[in-house]
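Working notes for the structure below.
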Amino acid sequence: MFKEKIILRIPGPTPIPPRVQQAMNRPMIGHRSGQFSQMLSDVAEKIKPAFGTAQQVYVIAGSGTSALEMSVVNTLQAGDEAIVTISGAFGERFAKICERYQIKVHRLEVAWGEAITPELLQDFLVQHPMAKAVFATYCETSSGVLNPIPELSKVVKKHSNALFIVDAVSCLGAVPCEMDEWGLDIVVTGSQKAFMLPTGLAFIAVSQQAWKRIEQITPQAFYLDLKAYRKSMADQTTPYTPAVSLVFGLEEVVAMLDEEGLPQVFARHELMKNMTRAAMRALGLPLMTEDEYASPTVTSVDPGDLFDAEELRKILRTKYNVVIAGGQQHLKGRIFRIGHMGYCDPQDVLTVISLIEVSLQQIGYEITLGAGVRAAQEVLIQHG
Ligand SMILES: Cc1ncc(COP(=O)(O)O)c(C=O)c1O
């Protein structure tokens with residue numbers, strides 16, 4: 001086995017395309033140079049279609065959580081009320097960030113594996129009319145649920161004046177996002193998922209309505225002050241030293257997304273989801289999410305008492321260099337999650353399914369070898 005040949009199928013970080021890797025190896029340039037300014041404003045412009053916005057997209061040196069925190073600390077102040085919708089670990093993170101800043105959080109929570117529905121949110125909005133913001137997670141990575149963001153947004157706009165703030169860290173660039181059309185006020189994401197880069201960049205786009213609120217607030221954070229980024233970006237620069245090499249990589253990523261075409265990128269992710277789900281079903285493995293809310297970027301499987309998910313992951317990792325994710329928090333040790341996002345295609349999906357089958361057999365769980373692969377192949381063939 002080639003030790004360095006890792007098949008990384010977790011829901012982020014995801015594999016880096018060779019041309020992106022090469023771009024990041026370019027010699028360093030001055031971050032206040034005209035060359036960097038030009039590159040930054042180009043990529044910030046070219047990334048807008050992935051957000052579905054005409055607004056400026058800000059590129060932050062930080063992991064996704066920095067943008068989550070930015071969306072909280074710039075829009076709310078201590079004592080304000082907010083609704084946080086929680087369908088898993090990352091919704092809970094939003095709540096924790098809010099609480100750190102003494103924001104009064106109303107948690108709208110569903111079981112992991114379920115989605116937040118517009119009906120639930122509507123009732124909750126009526127119960128909490130003072131909420132100044134509603135936070136939602138587009139893809140809840142811990143369960144593989146894709147929450148119905150456009151429908152949730154409609155409900156927020158109809159029943160409140162709250163800002164609607166969306167964590168799209170584990171799906172933006174892999175699924176449609178129409179920030180302006182859907183009325184989203186803030187959308188945040190990170191670099192190490194569908195954007196096929198290493199961890200280290202966060203992105204945030206802000207509506208005009210959100211800016212009105214932001215302008216009234218002096219945030220209790222220095223590095224994450226959005227107004228500083230807006231001021232600098234007007235001069236094609238950043239307030240603090242940017243992650244120059246990651247921006248070299250990003251330049252390549254936006255070119256790749258453009259060459260494939262966003263609709264095709266979304267269709268590829270949809271296909272990989274359908275292949276993975278068909279395979280798991282054919283193998284009799286219980287999926288954690290309904291088809292309606294299944295994310296195109298990550299599939300969670302809950303084997304229950306059928307076999308030990310950790311034993312499966314261990315064989316995959318040690319014998320075949322395939323890395324899939326386990327569960328988080330209370331699902332740690334119980335479920336497994338297959339990432340199919342970013343630099344990943346149907347060929348990769350067939351490989352991982354095939355090796356899951358082999359590994360299941362090797363941990364003593366009887367399956368019909370090839371049943372999952374066959375089901376996935378059929379989805380692929382039907383797709384054409
Ligand atoms: C939905 C979601 N939100 C937020 C984060 C946090 O991002 P980071 O780990 O880059 O801070 C993640 C990371 O996995 C995520 O999947």
Side-chain angles (χ1 to χ4, degrees), residues 8-16 50-51 58-73 84-100 109-110 112-116 134-149 152 164-175 177 184 186-205 221 223-224 243 246 249-250 253 269 273 288-289 293-300 323-329 331-332 335-342 344:
L8 189 62
R9 291 278 81 88
I10 59 175
T14 60
I16 315 291
F51 284 77
Y58 299 93
V59 183
I60 319 296
S63 85
T65 306
S66 66
L68 260 55
E69 187 156 351
M70 205 171 203
S71 72
V72 171
V73 72
V84 181
T85 62
I86 303 176
S87 48
F90 293 102
E92 183 57 38
R93 184 167 300 181
F94 253 148
K96 283 189 181 142
I97 297 170
C98 287
E99 282 166 351
R100 182 64 62 90
E109 226 164 322
V110 294
W112 291 32
E114 288 174 15
I116 305 286
V134 176
F135 293 88
T137 315
Y138 196 173
C139 169
E140 179 45 79
T141 330
S142 57
S143 67
V145 157
L146 193 78
N147 282 299
I149 294 299
L152 296 180
F164 189 45
I165 299 177
V166 178
D167 167 355
V169 170
S170 62
C171 63
L172 200 95
V175 302
C177 180
L184 316 182
I186 295 189
V187 176
V188 305
T189 193
S191 52
Q192 77 275 25
K193 311 267 182 181
F195 284 158
M196 309 180 282
L197 284 163
T199 316
L201 291 182
F203 304 86
I204 184 163
Y223 184 71
L224 300 178
L246 291 172
L250 180 60
V253 166
H269 283 86
K273 169 190 83 175
M288 260 191 80
T289 56
Y293 297 117
S295 173
T297 57
V298 53
T299 298
S300 296
V323 187
I324 60 172
Q328 292 174 286
Q329 297 181 15
L331 294 183
K332 200 172 167 66
I335 66 163
F336 65 91
R337 294 174 299 148
I338 306 165
H340 30 80
M341 166 166 45
C344 184

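Worth saying up front: this structure is predicted, and the values here are computed from it rather than measured. In each ligand, atom 1 is the first atom listed, and ligand 1 is the first ligand listed. Index from 1, following the sequence.
Taking only nitrogen or oxygen atoms, main chain and side chain alike, Q192 reaches within less than 3.5 Å of ligand 1. In terms of polar-atom proximity, defined here as any N/O pair under 3.5 Å, P11 makes no such contact with ligand 1.
Aromatic ring pairs are classed by plane angle as parallel below 30°, tilted from 30° to 60° and perpendicular above 60°; the pair F203 and F195 is perpendicular.
Ranking the protein heavy atoms by distance from atom 12 (C) of ligand 1 puts F90 CE2, 3.2 Å first. Atom 14 (O) of ligand 1 has its closest protein heavy atom at K193 NZ, 2.5 Å. The nearest protein atom to atom 3 (N) of ligand 1, hydrogens excluded, is given as D167 OD2, 2.6 Å; this is a heavy-atom distance.
Residue contacts with ligand 1: C139 is included, with a non-hydrogen atom under 4.0 Å away.
Using a 4.5 Å heavy-atom threshold, the side chains of C177 and L184 count as touching. Side-chain contact between W112 and L331: present, with at least one pair of heavy atoms (C-beta onward) separated by less than 4.5 Å. A 4.5 Å side-chain heavy-atom check between T65 and I97 finds at least one atom pair inside the cut-off.
Each of the atoms 1 (C), 16 (O) of ligand 1 lies under 4.0 Å from some heavy atom of S170. Close contacts between ligand 1 and R93 involve ligand atoms 6 (C) [criterion: under 4.0 Å to a heavy atom]. Below 4.0 Å from some heavy atom of S63 lie the following atoms of ligand 1, by number and element: 8 (P), 10 (O), 11 (O). Those atoms of ligand 1 with a heavy atom of T65 less than 4.0 angstrom away are 6 (C), 7 (O), 8 (P), 11 (O).
The shortest heavy-atom contact between S170 and T297 is O-OG1, 3.1 Å. Looking at every heavy atom in both residues, R9 comes nearest to P15 through NH2-CG, 3.5 Å. The nearest pair of heavy atoms linking V187 to A168 is CG1-CB, 4.1 Å.
Looking only at atom types and distance, the side chain of S87 has a donor-acceptor partner in the side chain of N147 under 3.5 Å away.
Residue nearest to atom 15 (C) of ligand 1, selected from T141, L68, I10: T141 (by heavy-atom distance).
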